[in-house]
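What follows is a short report on a single structure.
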Amino acid sequence: MNPVVGWALAFVALVAGWFSYGWPGIALAFSVIVFWLLIQFNRSVRVMRDASESPVGHVPSAVMLHSKLIVGQPMLQIVRMTKSLGRRVSESPEVWSWADDSGAEVRITFDKGVCASWTLDRPD
(Lines give C-alpha, C1' and ligand atoms only; values in the text may rest on other atoms or scores of the structure.)
Protein backbone atom coordinates (compact mmCIF):
# COMPACT_ATOMS: atom_id res chain seq x y z
CA MET A 1 0.00 0.00 0.00
CA ASN A 2 1.18 3.49 -0.77
CA PRO A 3 2.27 5.19 2.49
CA VAL A 4 0.36 8.37 1.64
CA VAL A 5 -2.86 6.40 1.24
CA GLY A 6 -2.19 4.52 4.48
CA TRP A 7 -1.64 7.70 6.49
CA ALA A 8 -4.69 9.31 4.88
CA LEU A 9 -6.83 6.33 5.91
CA ALA A 10 -5.42 6.53 9.45
CA PHE A 11 -6.32 10.22 9.61
CA VAL A 12 -9.83 9.51 8.30
CA ALA A 13 -10.26 6.78 10.93
CA LEU A 14 -9.22 9.19 13.70
CA VAL A 15 -11.57 11.91 12.47
CA ALA A 16 -14.46 9.46 12.05
CA GLY A 17 -13.81 8.07 15.51
CA TRP A 18 -13.85 11.57 17.01
CA PHE A 19 -17.08 12.60 15.31
CA SER A 20 -18.80 9.29 16.04
CA TYR A 21 -17.80 8.54 19.65
CA GLY A 22 -15.46 11.27 20.89
CA TRP A 23 -12.42 10.15 22.87
CA PRO A 24 -13.43 6.47 22.94
CA GLY A 25 -13.68 6.60 19.12
CA ILE A 26 -10.16 8.02 18.87
CA ALA A 27 -8.92 5.28 21.20
CA LEU A 28 -10.57 2.64 19.01
CA ALA A 29 -9.15 4.17 15.81
CA PHE A 30 -5.70 4.36 17.38
CA SER A 31 -5.95 0.70 18.43
CA VAL A 32 -6.90 -0.33 14.89
CA ILE A 33 -3.97 1.67 13.44
CA VAL A 34 -1.49 0.06 15.86
CA PHE A 35 -2.92 -3.39 15.07
CA TRP A 36 -2.47 -2.76 11.32
CA LEU A 37 1.14 -1.65 11.86
CA LEU A 38 1.84 -4.79 13.91
CA ILE A 39 0.44 -6.96 11.12
CA GLN A 40 2.74 -5.25 8.60
CA PHE A 41 5.75 -5.66 10.90
CA ASN A 42 4.94 -9.33 11.46
CA ARG A 43 4.71 -9.89 7.70
CA SER A 44 8.14 -8.30 7.17
CA VAL A 45 9.73 -10.37 9.95
CA ARG A 46 8.22 -13.58 8.53
CA VAL A 47 9.63 -12.84 5.06
CA MET A 48 13.09 -12.14 6.49
CA ARG A 49 12.98 -15.29 8.65
CA ASP A 50 12.10 -17.41 5.61
CA ALA A 51 14.83 -15.73 3.55
CA SER A 52 17.43 -16.33 6.26
CA GLU A 53 17.07 -20.10 5.80
CA SER A 54 18.25 -19.97 2.15
CA PRO A 55 21.65 -19.22 0.63
CA VAL A 56 22.22 -15.55 -0.20
CA GLY A 57 21.45 -14.71 -3.81
CA HIS A 58 20.21 -18.17 -4.81
CA VAL A 59 16.93 -19.07 -6.52
CA PRO A 60 15.72 -22.39 -7.95
CA SER A 61 15.25 -20.86 -11.42
CA ALA A 62 16.46 -17.43 -12.53
CA VAL A 63 14.33 -17.65 -15.68
CA MET A 64 11.15 -18.12 -13.63
CA LEU A 65 12.12 -15.17 -11.42
CA HIS A 66 12.71 -13.10 -14.54
CA SER A 67 9.24 -13.94 -15.84
CA LYS A 68 7.54 -12.93 -12.56
CA LEU A 69 9.16 -9.51 -12.16
CA ILE A 70 7.11 -6.36 -12.63
CA VAL A 71 8.29 -2.76 -12.60
CA GLY A 72 7.25 -1.17 -9.31
CA GLN A 73 7.45 -4.32 -7.17
CA PRO A 74 8.82 -3.55 -3.71
CA MET A 75 11.95 -5.35 -2.60
CA LEU A 76 10.08 -7.12 0.21
CA GLN A 77 7.77 -8.73 -2.34
CA ILE A 78 10.74 -9.91 -4.42
CA VAL A 79 12.45 -11.36 -1.34
CA ARG A 80 9.19 -13.15 -0.47
CA MET A 81 9.02 -14.54 -4.03
CA THR A 82 12.67 -15.72 -4.11
CA LYS A 83 12.78 -16.87 -0.46
CA SER A 84 16.36 -15.58 -0.45
CA LEU A 85 18.15 -12.33 0.24
CA GLY A 86 19.83 -11.00 -2.87
CA ARG A 87 23.55 -10.45 -3.33
CA ARG A 88 24.37 -6.74 -3.55
CA VAL A 89 26.19 -5.92 -6.80
CA SER A 90 26.44 -2.14 -6.53
CA GLU A 91 25.27 0.57 -4.21
CA SER A 92 24.66 3.42 -6.64
CA PRO A 93 22.52 2.56 -8.54
CA GLU A 94 21.19 -0.04 -6.13
CA VAL A 95 21.58 -3.40 -7.91
CA TRP A 96 20.95 -6.83 -6.39
CA SER A 97 21.33 -10.23 -8.05
CA TRP A 98 19.96 -13.74 -7.71
CA ALA A 99 21.45 -16.77 -9.52
CA ASP A 100 20.51 -20.42 -9.97
CA ASP A 101 22.59 -23.60 -10.21
CA SER A 102 22.90 -23.39 -14.01
CA GLY A 103 24.69 -20.02 -13.79
CA ALA A 104 21.79 -17.89 -15.00
CA GLU A 105 21.59 -14.64 -13.05
CA VAL A 106 18.92 -11.96 -12.66
CA ARG A 107 20.18 -8.48 -11.80
CA ILE A 108 17.50 -6.15 -10.46
CA THR A 109 17.96 -2.39 -10.23
CA PHE A 110 15.99 -0.74 -7.44
CA ASP A 111 15.01 2.90 -7.19
CA LYS A 112 13.78 3.96 -3.73
CA GLY A 113 13.13 0.34 -2.76
CA VAL A 114 11.07 -0.64 -5.82
CA CYS A 115 12.08 -2.55 -8.92
CA ALA A 116 13.02 -0.16 -11.72
CA SER A 117 14.57 -2.60 -14.22
CA TRP A 118 16.18 -6.02 -14.46
CA THR A 119 18.34 -8.12 -16.75
CA LEU A 120 18.72 -11.85 -17.21
CA ASP A 121 22.26 -13.11 -17.88
CA ARG A 122 22.45 -16.71 -19.09
CA PRO A 123 25.62 -18.74 -19.59
CA ASP A 124 26.59 -19.75 -23.12
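Computed over heavy atoms, backbone and side chain alike; hydrogens, waters and symmetry mates excluded.
Side-chain contact check for His66 versus Arg122: every heavy-atom pair is 4.5 Å or farther apart. Put simply, the side chain of Arg80 reaches to within 4.5 Å of the side chain of Arg43, judged on heavy atoms. Residues Met81 and Leu69 form a side-chain contact, since some pair of their non-hydrogen atoms from C-beta on lies under 4.5 Å apart. Side-chain contact check for Leu28 versus Tyr21: every heavy-atom pair is 4.5 Å or farther apart. A 4.5 Å side-chain heavy-atom check between Leu37 and Phe41 finds every atom pair outside the cut-off.
Heavy atoms only, all atoms of each residue included: Ala116 and Val71 are closest at O-CG2, 3.8 Å. Among all heavy-atom pairs drawn from Trp98 and His58, the shortest one is CD1-N, 4.2 Å. Shown here for Ala29 and Ala13, the closest heavy-atom pair between the two residues is CB-O, 3.5 Å. Among all heavy-atom pairs drawn from Val106 and Ala62, the shortest one is CG2-O, 3.2 Å.
At distances below 3.5 Å, not a single donor-acceptor pair connects side-chain atoms of Thr109 with backbone N or O atoms of Val95. No side-chain donor-acceptor contact under 3.5 Å links Ser84 to the backbone of Ser54.
Put simply, Trp23 and Leu14 are part of the same group of oily side chains (I, L, V, M, F, W, Y) that touch within less than 4.5 Å, one to the next. Note on Val45: it does not cluster hydrophobically with Val79, by side-chain heavy-atom contacts below 4.5 Å among ILVMFWY residues. Under the 4.5 Å side-chain heavy-atom criterion for grouping Ile, Leu, Val, Met, Phe, Trp and Tyr, Leu9 is not connected to Ile39 through any hydrophobic cluster. Trp36 and Ile26 are assigned to two separate hydrophobic clusters, defined by single-linkage of ILVMFWY side chains at heavy-atom distances under 4.5 Å. Leu85 and Met64 fall into different hydrophobic clusters, where Ile, Leu, Val, Met, Phe, Trp and Tyr residues are linked whenever their side-chain heavy atoms come under 4.5 Å apart, directly or through other members.
Applying side chain to side chain contact (heavy atoms under 4.5 Å, CB included) to Ile78 and the options Trp96, Trp118, Phe110 leaves one that passes, Phe110.
Rounded to the nearest 0.5 angstrom, Ile108 CD1 and Leu120 CG are separated by 10.5 Å. Rounding to the nearest 0.5 Å places OG1 of Thr82 at 8.5 Å from CE of Met75.
Thr119 and Arg107 are not linked by any side-chain donor-acceptor pair at a separation below 3.5 angstrom, with hydrogens and angles left out of the test.
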**OP:** Test Phe35 against Val32 for side chain to side chain contact (heavy atoms under 4.5 Å, CB included), laying out the working first.
**Re:** CA-CA 5 Å; Phe35 183 69; Val32 170; 5.6 Å; no
**OP:** Starting from the C-alpha separation in whole Å, work towards a yes-or-no answer on side chain to side chain contact (heavy atoms under 4.5 Å, CB included) for Asp100 and Leu65.
**Re:** CA-CA 10 Å; Asp100 61 12; Leu65 172 61; over 6 Å; no
